[in-house]
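The structure presented is a predicted model; accordingly, all values stated were derived computationally and were not measured.
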Amino acid sequence: MKGRKKVKLPEDHAHDEELKEDGMEIEKRLMIRLRNSEGKEIENTIDLSDKTSVEDLTQILNKLLNNDEPQLFSFFFETYEIKKSLGEFLRKVTNFNSEKVFPITYHPQSLFFVRPITRMASSLEGHTDAILHLGFSPNGKHLASGSGDCTVRFWDINTETPIHTCKEHTNWVLTIAWSPDGEKLASAGMDNTIRIWNPVDGKSIGTEMSGHTKWITSLSWEPLHRTGECRQLVSGSKDGSVRIWDTFSGSVLYVMTSHTACVTKVLWGGENEIYTSSEDRTIKVWDPQGRLLRDLIGHGHWVNTIAVHTDFALRTGCYDEKQIEITDKEERKKKALERYLNLKGGTDERLVSGSDDCTLILWSPHTKKDPVFRMTGHQQPVNHLCFSPNSKYIISASFDKSLRLWDGFTGAFIATLRGHVGSVYQVAWAPDSRLVVSASKDTTMKVWDMKTRKLMFDLPGHSDEVYTVDWSPDGERVASGSKDRLLKIWRN
């Protein structure tokens with residue numbers, strides 16, 4: 001057969017012959033074709049034994065790709081992960097035919113491992129009302145929180161103590177957003193205004209930005225790789241409008257008013273398009289000059305949340321797991337663009353949305369108005385979701401007390417994660433994409449292992465509902481905020 005290649009395995013399978021002589025299990029041979037997550041195939045069809053292990057496959061693939069430094073890979077047949085050997089997935093195949101060529105998809109794995117969080121390192125007092133939102137800075141060196149007590153607080157993550165309290169808001173702080181260069185924090189909430197803060201001294205930068213007539217629900221900064229300076233910010237509000245701001249002058253640049261109900265989430269994508277979701281059941285795509293490019297219509301109820309597969313690169317900008325500081329603006333922009341393109345791959349940005357109609361929809365918003373795939377299974381509204389940092393998975397959280405894991409490329413269902421006894425409010429990925437932490441109404445957090453797709457650790461500690469959670473981009477710690485007014489830091 002043309003293109004068929006018999007590969008000599010790294011290890012000798014002499015024990016197979018012994019099994020045959022004893023009349024025991026006879027090995028099967030099968031032909032596979034390896035392809036990457038975007039469907040690009042390696043030219044050769046490979047003839048292998050069903051005893052071939054994942055380690056053998058990894059060695060073969062590194063050889064075929066001519067990798068100077070060996071890379072780690074995970075292998076999938078459709079949505080089934082091959083964890084030990086090829087014989088594993090053969091047991092899932094009906095009507096096995098040795099002449100059939102099986103497509104095996106490979107995904108590069110992170111070379112650094114995040115240790116699972118297992119204990120509470122500190123419980124930080126300071127807020128006098130529920131903590132509604134918190135987040136680590138892109139370099140993992142700062143932590144900020146917004147609360148119902150009208151303040152934004154900055155916390156020292158090394159000494160695990162409060163350092164700055166910012167008191168200029170006059171009502172609940174609903175949302176915060178770090179600029180991708182890590183030098184500014186934006187906050188907004190029930191007082192209809194946006195403020196920018198300096199995390200080093202905790203002081204306000206410029207004047208308050210006002211214009212929305214109702215509370216602000218979501219903020220998103222322009223990507224670092226577009227201009228290198230994080231100047232513009234987009235906001236969405238209960239008043240149905242979306243506004244683009246110049247944070248240097250504090251003025252509004254564009255006002256977009258096509259939504260007919262509350263805007264639930266805004267997202268400034270890496271392809272320089274802005275995505276907005278709304279309770280009017282639509283998602284809209286805009287250019288940075290405020291022009292409406294297309295409507296994405298598919299949900300039957302409020303759209304609560306959206307995410308793009310490049311989220312992790314957009315959030316962390318020029319910072320990778322080594323957390324090396326880059327001071328030159330052009331170097332930052334170049335590094336951020338390189339990280340974005342690596343994660344984006346050879347395809348357009350993929351968008352996923354979650355709704356009160358209990359479904360998720362996968363979109364290709366740059367090119368298509370129609371849904372790519374509708375993901376069903378949740379029994380109650382989907383209130384949060386996010387792509388894994390390597391974009392291979394989507395995790396969704398619902399009021400039905402469960403999390404669901406989906407394929408980040410096709411939208412296919414993979415697993416349900418059950419364990420919470422209350423609504424799941426928020427989820428966060430470890431930066432190596434191997435672990436997920438979830439926060440729930442049941443006052444607990446739980447750590448889930450993506451390899452076994454099972455509960456790894458139960459983290460009790462809060463005395464009331466846990467509203468918000470984040471995993472630091474360096475993987476060292478997790479922070480959680482609760483209705484009990486406490487911010488807790490968790491470590492290995």
Quiz item: By salt bridge (Lys or Arg N to Asp or Glu O under 4.0 Å), which residues pair with Arg281, not counting sequence neighbours?
Solution: none

Exercise. Not counting sequence neighbours, which residues clear side-chain hydrogen bond (donor to acceptor under 3.5 Å, both in side chains) with Ser85? List them please.
Key: none

Quiz item: Residues in salt bridge (Lys or Arg N to Asp or Glu O under 4.0 Å) with Glu168, at least two apart?
Solution: Arg195

Quiz prompt | Those residues that, when tested against Glu81, pass salt bridge (Lys or Arg N to Asp or Glu O under 4.0 Å) (two or more places apart) | solution = Arg453

Quiz item: When you measure from the side chain of Asp470 to the backbone N and O of Gly135, does any donor-acceptor pair fall under 3.5 Å?
Solution: no

Quiz item: With Ser396, which residues qualify under side-chain hydrogen bond (donor to acceptor under 3.5 Å, both in side chains), at least two apart?
Solution: His378, Trp406

Quiz item: If you look only at pairs with a residue in residues 343-352, which of them pass as a salt bridge (charged side-chain N to carboxylate O under 4.0 Å, His left out), with sequence neighbours excluded?
Solution: Glu271-Lys344

Quiz item: If you measure from the Lys or Arg side-chain nitrogens to the Asp or Glu carboxylate oxygens, is any gap between Asp201 and Lys203 under 4.0 Å?
Solution: no

Self-check item: Partners meeting side-chain contact (heavy atoms from CB on, under 4.5 Å) with Lys238 (sequence neighbours left out)
Solution: Lys214, Trp215, Cys262, Glu279

Quiz item: Can you name the side-chain hydrogen bond (donor to acceptor under 3.5 Å, both in side chains) partners of Asn304, sequence neighbours left out?
Solution: Asp356

Practice problem: Check side-chain contact (heavy atoms from CB on, under 4.5 Å) between Arg491 and all other residues, then give those that pass, not counting sequence neighbours. | Solution: Arg119, Ala121, Glu160, Arg477

Quiz item: Considering residues at least two apart in sequence or located in another chain, which fulfil the side-chain contact (heavy atoms from CB on, under 4.5 Å) criterion with Ala479?
Solution: Leu134, Phe136, Leu143

Practice problem: Before accepting this row, confirm whether a basic side-chain N of the pair Asp449/Lys454 lies closer than 4.0 Å to the acidic partner's carboxylate O. | Solution: no

Self-check item: Residues that Glu465 engages under side-chain contact (heavy atoms from CB on, under 4.5 Å), provided they are two or more places apart
Solution: Tyr425, Lys441, Tyr467, Lys483

Exercise. Under the side-chain hydrogen bond (donor to acceptor under 3.5 Å, both in side chains) rule, collect the residues that match up with Trp268, sequence neighbours excluded.
Key: Asn272

Self-check item: Electrostatic pair Lys401-Asp442, nearest N-O below 4.0 angstrom
Solution: no

